[in-house]
Amino acid sequence: MVNELLELYLAGRELPFPLYDCHSHHGRYFHFPILDGDTDGILRGLDAAGIAGTVVTSLQSMVEDPGPGNRAVLEMVRAHPDRFLGYVTLNPHYREETLRDLEVYAEAPEFVGAKVHQHISACRSNDRLWDPVYEAAEKRGWILLSHVWGTEEVRRCSETLERFPNLILLLGHGGGEHDGYAAAIGLAKQCPTVYLDPANSQTREGVYEWMVEELGPERIMFGTDIPFLDAMGAAAWVLGAEIDDEAKRLILGGNLLRLLGDRGKRWTEGRG
Amino acid sequence: MINGIRFLDSNVLAGPRVRPFPHRDDSVAGLLRRMDRAGIDEAYVTHAACFEYDPVEGNARLMREIEGEPRLRPVWVLVPGSSGETPPPAEVIDAMREAGVRMARFYPGRHFFSFEEWNVGDWLDLLAEHRVPVMIDLMDFMNWDAIHRAAAPRPQLPVILCRTSYRIDREVFRLMERAANVHLETSLYKNHLGIERVVERFGPARLVFGSAMTEMAAAPAVSGVMRAGIPEDSKRSVAGGNLERLIAGVSW
């Protein structure tokens with residue numbers, strides 16, 4: 001039988017709790033076309049998937065001076081404060097501009113974290129070039145979303161955490177494949193500030209069941225990766241998993257809201 | 001069945017994998033249980049041994065393991081007819097007819113063979129003659145030129161591209177423009193608003209629902225159809241109607 005929450009979701013009906021997404025993008029990408037990656041397109045995708053809010057990172061900021069991309073995200077968040085929050089996205093090869101944006105967005109209530117993409121920005125996540133980003137995130141209690149795929153990238157995160165032990169580190173894609181998931185789960189067991197976001201590119205059977213069994217549900221979040229991917233698949237992956245309903249509620253937004261604290265009130269206060 | 005929409009899954013695997021995954025049951029019984037949990041009514045099944053071990057052995061095991069399961073229908077995996085590992089294509093086609101097998105699948109990447117005319121043209125001609133739907137698995141195989149050369153000259157051959165990707169729009173749209181017999185299986189075509197876009201450009205008839213169970217979770221695939229911004233009739237077509245129509249077109 002289809003479980004009750006999944007049945008509601010597939011029928012397009014409202015769930016008993018709102019969905020909040022920890023991982024989305026704004027912009028375009030060289031490798032393949034991203035159509036409808038602008039604000040309106042992302043809103044269409046979120047609405048289709050029944051997602052109340054998402055934390056957005058700029059694709060443009062990963063590949064050049066991060067300024068224009070972060071400004072676009074700021075405009076997006078300010079235009080729709082009930083739907084979006086931002087990660088400030090950096091490119092460490094542009095050091096001055098990275099330091100500038102860390103300062104510019106440090107006090108902006110619209111930004112709740114930082115994003116590190118070691119592939120697109122061509123800089124391994126344990127490279128000291130990223131240290132100003134980690135320092136700022138640790139100091140401010142930001143969520144640091146880092147793209148993490150495979151055991152080697154989990155190992156690099158482990159190195160970073162030795163130097164920044166209070167960093168709230170969200171492993172985007174959660175390790176990405178079998179050995180990577182195992183390594184990410186192991187790291188999360190060792191480090192209480194590590195969270196896992198399996199994201200949406202490989203919606204493998206058993207991933208949420210495995211992570212919840214090993215870690216409990218409080219350390220896991222759901223990310224859509226929109227507009228690379230459809231957003232509803234990410235939500236349905238959680239809803240269809242063989243985990244209890246409270247675990248689903250936490251993964252689908254409860255954990256993110258808890259981490260955001262007052263910064264998440266921009267989303268929730270408007271909902272009454 | 002979800003909200004009155006019947007789901008017929010074109011892309012399901014069963015059988016043990018080289019490396020089991022936690023909480024995943026690759027058996028036929030496990031597959032049926034997963035189908036129930038996702039609201040999938042029936043499925044076309046390929047045996048994992050076809051690409052983990054040997055296609056001939058895998059096809060035989062498939063027939064034994066799904067025997068008596070009315071919700072599961074067989075898909076046979078084919079390899080070039082000249083290799084000697086199978087009987088000649090015409091004999092295999094006869095065996096398919098006798099066994100009630102109405103869909104075939106190629107793994108050119110996984111099975112390391114050229115998908116060009118000189119190597120698989122005999123197969124494709126025979127399958128086209130009988131209008132047997134052919135799935136081309138894109139695992140380790142994104143040779144768009146070869147797929148175009150195989151599909152475009154054979155408009156009567158239903159081609160279903162499976163295990164695709166969200167990164168294929170620069171090729172697949174042009175291919176679908178040029179070859180009306182090319183269909184897209186949905187499991188890994190998870191593009192943002194992608195189903196809406198394909199339906200808008202090509203109509204609903206070119207999409208065929210697939211889940212990629214047991215490797216992938218089924219609920220994301222079902223949600224992609226159910227929550228897509230397309231008319232209910234289009235959802236019915238994508239969820240099962242299109243595949244049913246293609247299968248009904250097989251003529252022995």
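So that the names make sense, note that chain A is the first sequence line, chain B the second, and so on, each numbered from 1.
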Assert top hit (heavy-atom pairs under 4.5 Å, partner chain B, pool A:V207, A:D47, A:N3, A:T203) equals A:T203
Whatever's closer than 4.5 Å to a heavy atom in chain B on A:A49 counts as backbone
Under 4.5 Å between any side-chain heavy atoms of A:W267 and A:L256, yes or no?
-> yes
Contacts satisfying ring pair (Phe, Tyr, Trp, His ring centres under 6.0 Å) that involve residues 235-256 of chain A (not counting sequence neighbours) are A:Y208-A:W237
Pair count under 4.5 Å, heavy atoms only, with chain A: among B:R33, B:E196, B:R34, B:E215, highest is B:R34
Applying a strict 4.5 Å limit to non-hydrogen atoms, the region of A:M1 in contact with chain B is backbone
Cut-off 4.5 Å, heavy atoms of chain B, and the answer for A:A231 is neither
Of B:M35, B:M213, B:M226, B:R170, the largest count of non-hydrogen pairs under 4.5 angstrom with chain A goes to B:R170
Bottom line for A:E7: the part with an atom under 4.5 Å from chain B's heavy atoms is neither
### Message
Would B:R227 pass as a cation-pi partner of A:Y9, given that its NZ or CZ must be under 6.0 Å from the six-membered ring centre and within 45 degrees of the axis?
### Response
yes
### Query
In this structure, are over 12 heavy atoms from other groups packed under 6.0 Å from B:E116 atom CD?
yes
When the 4.5 angstrom heavy-atom criterion is applied to A:L35 and chain B, the contacting part is both
Per-residue tally against chain B (heavy atom, under 4.5 Å) across A:A11, A:A234, A:A241, A:A235 peaks at A:A11
Per-residue tally against chain A (heavy atom, under 4.5 Å) across B:I5, B:I195, B:L188, B:N3 peaks at B:N3
Of the listed A:L6, A:I42, A:D179, the one with the largest count of heavy-atom pairs under 4.5 Å with chain B is A:D179
When the 4.5 angstrom heavy-atom criterion is applied to A:L10 and chain B, the contacting part is both
The reported gap from NZ in B:K190 to OH in B:Y166 (rounded to nearest 0.5 angstrom) is 8.5 Å
Heavy-atom closest pair (A:Q60 atom, A:P68 atom, distance to 0.1 Å) is NE2-CB, 4.0 Å
Query raised in the report: Side chains of A:T39 and A:M76: closer than 4.5 Å at any heavy-atom pair?
Result: yes
Has B:R178 got more than 12 heavy atoms of other residues, nucleotides or ligands less than 6.0 Å from its CZ? no
So, the part of A:A182 with a heavy atom under 4.5 Å from chain B: the answer is neither
Heavy atoms of other groups near B:R19 CZ, more than 12 under 6.0 Å | yes
Note: vs chain B, highest number of non-hydrogen pairs under 4.5 angstrom among A:G37, A:P227, A:G240 is A:P227
Residue from A:D225, A:L229, A:L239, A:I34 scoring the most non-hydrogen pairs under 4.5 Å with chain B is A:L229
_A:H80 and A:L43: CA distance, side-chain angles, deciding distance, side chain to side chain contact (heavy atoms under 4.5 Å, CB included) verdict_ = CA-CA 10 Å; A:H80 302 278; A:L43 281 170; 3.5 Å; yes
